[in-house]
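Structure, as structure tokens:
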Amino acid sequence: MKLFLRNVSGEPFCNSKEGIEMTDIEEKRDIKSLTLPQLQEQVKQFSEPAYRAKQLYEWMHRKLAADYEEMTNLPKAFREKCREHFTYTALTAVKVQESRIDGTKKFLFALPDGNLVESVWMRYKHGNSVCISSQAGCRMGCRFCASTLNGWERNLLPSEMLDQIYAITRLTGERVSNVVVMGTGEPLDNYENLLRFLLLLTDENGLHISQRNVTVSTCGIVPGIRRLAEERLQITLALSLHAATDEKRRSLMPIAEKYSLDELMDACTYYFEKTGRRITFEYSLADGVNDTKEDAEELTALIKPLNCHVNLIPINPVKERNFRQSDRRAVDGFKNKLEKNGINVTIRREMGRDIDGACGQLRRSHMIKQAE
Ligand code: SAH
């Protein structure tokens, strides 16, 4: 099914000339993944007044109803008809951990089919930020990452990405202003659903989160980056670099076997040209692996021509992997070297250190316990 995404006023949401192909959705069965115009079409087929579509949409995407039951101003018969024709995704919170250091909360959610995803809620001065997962599991195989240890289960639906934000908003009672797609999964490996999710998340009839407050992080799927550039969205693209030579990057990230750094840098340049948005490079520092002065020099040479920003992350040790975190001196030294070379750089503040932050760790430890 090809869909041309348009917002309510009929403007194209994005520049995808071919339209958006929906994947992994039983067609039109997942009600929370439908756009308002699609919902209006459905409501018409039910011979209901047109305004019902907007009421329903608002219940789902603004009032964040967990079920049709809550939609009290909709006639019962209409709600029953919806229940009959559509699935309504919902998450169950299996575990919530709260950091005593900074109030960061980590949520482990169960999807209706029993798959688990984790999401993180962080409070910053400029507002609350949620980090969501885009897939159950991951097939990218990065050597330092816990999310990939159990492999890939399935793509998340647009609604299931939204649900993480909706459930957290309900549970915390606080508005979310920033969203980062940096949890488990590779968002550009679930492209169509990601795009639909972005449309719904930023829609003025939903939570209406500004595109500029959304970051999508990728391990570097080059055709996906180029395709995303064509959409001309105002989101931030974060690129997980972690090494500045092909050889070193290949030893850390299997995706680097497929796309060279040259191709990757070209794609990043293209993204900037098309969107005007500065790229963020993520660089996780592992002791003795990628944290030396030479590494910093090589990184400078690689990214200097680009309009970019570097986010340094002291690597989060994962039990099954033998990477150690670079010490404070090495991290500061690396940062200073980049700064001296004129590169814009920050060190990512470690949030929720006491509730074990590394990607996919909560999900994995829970799955191991379940298997025992
Ligand atoms: N698949 C996407 C998004 C998920 S990972 C991507 O690769 O970007 C989010 C970020 O955390 C990536 O930069 C990833 O490389 C990094 N990451 C994963 N495991 C980590 C660990 N143990 N320590 C530090 N960073 C890690």
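These figures come from a predicted structure and were not determined experimentally. Indexing begins at 1, ligand by ligand and atom by atom, following the structure's order.
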Tell me which part of [X] gets within contact of ligand 1: side chain, backbone, both or neither, using heavy atoms under 4.0 Å.
X: S217; value: both
X: I315; value: both
X: L239; value: neither
X: E186; value: both

Kindly assign one of parallel, tilted or perpendicular to the pair Y57 and H61, based on the angle between their ring planes and the thresholds 30° and 60°.
-> tilted
How are the rings of F46 and F78 set to each other: parallel, tilted or perpendicular (split at 30° and 60°)?
-> perpendicular
Quick one: closest heavy-atom pair of S240 and S217, and the distance?
-> OG-OG, 3.6 Å
Restricting to heavy atoms, the pick from E282, R321, H242 nearest atom 15 (O) of ligand 1 would be H242
Ignoring hydrogens, just give me the one of N316, T215, L188 whose non-hydrogen atom is nearest atom 22 (N) of ligand 1.
->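 Among N316, T215, L188, the closest heavy atom to atom 22 (N) of ligand 1 comes from N316.
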Heavy atom of M140 under 4.0 Å from ligand 1?
-> no
Test item, G183 contacting ligand 1 (heavy atom, 4.0 angstrom) |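 It does, in that a heavy atom of G183 comes within the 4.0 Å cut-off of ligand 1.
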If we only count N/O pairs under 3.5 Å, is C145 in contact with ligand 1?
->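 It does not: no N or O of C145 is found under 3.5 Å from an N or O of ligand 1.
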Under 3.5 Å between some N or O of ligand 1 and some N or O of G185?
-> yes
Is any side-chain heavy atom of D30 closer than 4.5 Å to a side-chain heavy atom of T89?
-> yes
Sole candidate of N190, D189, T184 that passes side chain to side chain donor-acceptor pair (under 3.5 Å) when paired with Q135 = D189
Give the atom numbers and elements of ligand 1 that come within less than 4.0 Å of a heavy atom of [X].
X: C219; result: 6 (C), 7 (O), 8 (O)
X: V318; result: 22 (N)
X: M182; result: 4 (C), 5 (S), 9 (C)
X: F144; result: 15 (O), 17 (N), 18 (C), 19 (N), 20 (C), 21 (C), 22 (N)

Salt bridge between E174 and R123, side-chain N to carboxylate O under 4.0 Å?
->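 Here E174 pairs with R123 in a salt bridge, since their nearest N and O are under 4.0 Å apart.
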Do NZ/NE/NH1/NH2 and the carboxylate oxygens of K337 and E294 come within less than 4.0 Å?
->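 No, K337 and E294 are not salt-bridged.
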Side chain to side chain donor-acceptor pair (under 3.5 Å) filter on D295, not counting sequence neighbours, yields K248, T292
T72 side, atom OG1; K63 side, atom NZ - distance, nearest 0.5 Å | 7.5 Å
